[in-house]
**Student:** 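Could you have a look at this structure, given as structure tokens, before my questions?
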There are 2 protein chains.
Amino acid sequence: MDLRHLRYFIAVAEEGNLGRAALRLHISQPPLTRQIQQLEDELGVCLFRRTPKGMELTQAGELFLEEARNIRAVVEQATERTQRAGQGKLGRLDVAIFGSAILDAIPKLLLSFRNTHPEVKVVLHTMTKAEQLDALRQRRITVGFNRMLGPMAEIGTELVTTESLLLAVHERDPLSALPAIPFRALADNPVVLFPTGARPNFVDKVMALCHERGFEPLVSQEVGDAVTGVALVASGFGVCLVPESATTLQIPGVLYRPFVDAPSQAFVDLSCVFRVDDQSPILRAFLDTVRAFRERQSARP
Amino acid sequence: MDLRHLRYFIAVAEEGNLGRAALRLHISQPPLTRQIQQLEDELGVCLFRRTPKGMELTQAGELFLEEARNIRAVVEQATERTQRAGQGKLGRLDVAIFGSAILDAIPKLLLSFRNTHPEVKVVLHTMTKAEQLDALRQRRITVGFNRMLGPMAEIGTELVTTESLLLAVHERDPLSALPAIPFRALADNPVVLFPTGARPNFVDKVMALCHERGFEPLVSQEVGDAVTGVALVASGFGVCLVPESATTLQIPGVLYRPFVDAPSQAFVDLSCVFRVDDQSPILRAFLDTVRAFRERQSARP
DNA sequence: CCCGCTTGATACCTCCAGAGTATCGAAAGA
DNA sequence: TCTTTCGATACTCTGGAGGTATCAAGCGGG
């Protein structure tokens, strides 16, 4: 049996007459006769009463008509859903994020994607950078977010946003009296650094900036993420270099200050990572959203 | 799109490899390649990732796999149900009965049919003989039950059972003292006759039997059906000729007696009627049940 | 009562699409 | 580097879907 048989059968049942059905199907009457006979033979069931007035459905035929219409509807729905999936409008997107990155850009980005692709289920996974790359290779995630990403084989990156560095200081720290901090202040004040873990990371960035200026920072503590770092600042562990978005964290006692001498490399990027060979339409749609987001950001800084 | 495409697609998805899928489908690999390409072109969606290891489903492909399996199941179920309908095992049978015939044979018959064809919904309609014939012609019913049926154009009959005539008498009627009644007694006792309505009927039968013996029955009342007739006997209206099955009506004060001289034509038949041109498998199955029932009846009288 | 119209069925032909054979190119493993 | 395994392509062939012509049966009108 074939979908053609069903199409023909429905036409004959609805027209009640081979000639008119053939007309509607844009074929001639004899092949239609044969296709209906073939269908009946294959089912082993008589579907029509042949009368001089036309074709009348038998009881079995009436039942089969319902079934045939149902099959047709199911097939149509299946193709429609598959096409939406093929356009990246239906499905699932597994996204990896790192501990404290959910501060500013990522929620906005995910919200924007959700608005344009309401039928895509976005699943979030918290992972370190190394775990993200592993998960990408195993296809457990489709896209990851991270900072300080170097070029990697098989992995593509797309910049989300670039943030300048700020210094988190305690309100009772004398530095907080200054509206902007000179970078060298890091040589004399204990600094909380993050994250520990896979290199290259934010710590390297800060160390490089200091070495560039010919001094060694006074490291008081290394922690896992920005939230912990700012918490330690609140407890008097010293100061902490954080990306702009960390200012979302309003912790009592902590103030954020820019650098007065704004070093040219005192910026940190947030990018997303994905397999370069991944042609998934959902990923493509997501990357489009990322690009649109970045353009909107740079348009009104 | 074609059911063949779905079959091929499912095979490739399950084997993960064109070669093995082709083997399983008993075709060679190149046509399979083309059919899958065709399916993808038609949907406008990429369903597989081609890798050197084989064919991996994309996300859209996975969704379509579920849909395809579902379609296959729906089609299978449709053919299966249609085939059962074609064998008369699934569907609906509209049956006409007359007022008081539901006494003995018909309930047993319907019960027996219900046991062998549990998925056929039997719908009962109460109709007079003339209404039954009309309804048959308009296909509002498939089979009817009645007595005293002559040959009719386009209508076939199948004998259900033949019952001998009994006389219903009141227990205070002197006739009730006799274990069997002489037929001539009808000449001297008031008789309740039924039914009124379309000829030929049971009344004609009784009149003919009397005339055959050269007397005219003393008619006290004509009524519509056996139940009313027996009720009148209970009220002292006289005697009433009834078919054997009426003895199921156990009304206080009414006794049933056979005729002592059992006239050879003192039998009345119950038949079913149907369109001779009706090839419906449910009707055929029902008529088979009727024949089997009659044979069982005549085997142990 | 016959003729014409409508209905589905049959015979025969044509041609396309699905299936087969041979072969290629790419990637992974020995 | 060579071999194996995978999918893709080019070419050919054949079965079956579709077309034309025609038939047989039943109904309605003259």
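Here is the naming used below: chain letters follow the sequence lines, and residue numbers restart at 1 for every chain. Atoms considered below: every heavy atom in the structure, side chains included; atoms not considered: hydrogens, waters and symmetry mates.
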**Student:** Does A/R4 offer a backbone N or O that forms a donor-acceptor pair with the side chain of A/D2 under 3.5 Å?
**Tutor:** no

**Student:** Using the side-chain heavy atoms of A/P52, tell me which of these nucleotides is nearest: D/dC27, D/dT9, C/dG8.
**Tutor:** D/dC27

**Student:** Whole Å only: how far is the CZ atom of A/R50 from the P atom of D/dC27?
**Tutor:** 17 Å

**Student:** Without hydrogens or angle criteria, can the side chains of B/T33 and B/Q29 be said to hold a donor-acceptor pair below 3.5 Å?
**Tutor:** yes

**Student:** side-chain hydrogen bond (donor to acceptor under 3.5 Å, both in side chains) with B/E119: which of B/K89, B/R81, B/R84?
**Tutor:** B/R84

**Student:** With heavy-atom distances below 4.5 Å as the criterion, would you say the side chains of A/L6 and A/I71 are in contact?
**Tutor:** yes

**Student:** Between P on C/dA27 and NZ on B/K53, what's the gap in Å once rounded to a whole number?
**Tutor:** 13 Å

**Student:** Does the gap between the ring centers of A/F9 and A/H5 come in under 6.0 Å?
**Tutor:** no

**Student:** Sub-3.5 Å donor-acceptor pair from the side chain of B/R20 to the main-chain atoms of B/L18, do we have one?
**Tutor:** no

**Student:** To the nearest Å, how far apart are A/D2 CG and C/dA17 P?
**Tutor:** 14 Å

**Student:** What residues from residues 31-43 of chain A pass a heavy-atom cutoff of under 4.0 Å to DNA chain D?
**Tutor:** A/P31, A/R34, A/Q35, A/Q38

**Student:** Expressed in angstrom and rounded to an integer, what is the separation of B/I27 atom CD1 from C/dT21 atom P?
**Tutor:** 12 Å

**Student:** Applying side-chain hydrogen bond (donor to acceptor under 3.5 Å, both in side chains), can you list everything that pairs with A/R34, at least two apart in sequence or on another chain?
**Tutor:** none

**Student:** Using whole Å, what does the distance between atom C1' of nucleotide C/dT23 and atom CD of B/Q29 come to?
**Tutor:** 11 Å

**Student:** Starting the side chain at C-beta, find the nucleotide from D/dG26, D/dA8, D/dC6 nearest to B/R20.
**Tutor:** D/dC6

**Student:** Listed in order of residue number, which residues of residues 4-19 of chain B have a non-hydrogen atom at under 4.0 Å from DNA chain D?
**Tutor:** B/N17, B/L18, B/G19

**Student:** In whole angstrom, what separates B/F48's CZ from D/dA8's P?
**Tutor:** 10 Å

**Student:** Less than 4.0 Å between a side-chain N and a carboxylate O, is that true for A/E295 and A/R291?
**Tutor:** no

**Student:** Quick one: A/M55 CE to D/dA25 P, roughly how many Å, whole number?
**Tutor:** 18 Å

**Student:** If we ignore hydrogens and angles and just use 3.5 Å, is the side chain of A/R92 paired with the main-chain N or O of B/Q59 as donor and acceptor?
**Tutor:** no

**Student:** Mind calculating the distance between CD (A/E56) and C1' (C/dT7) to the nearest angstrom?
**Tutor:** 13 Å

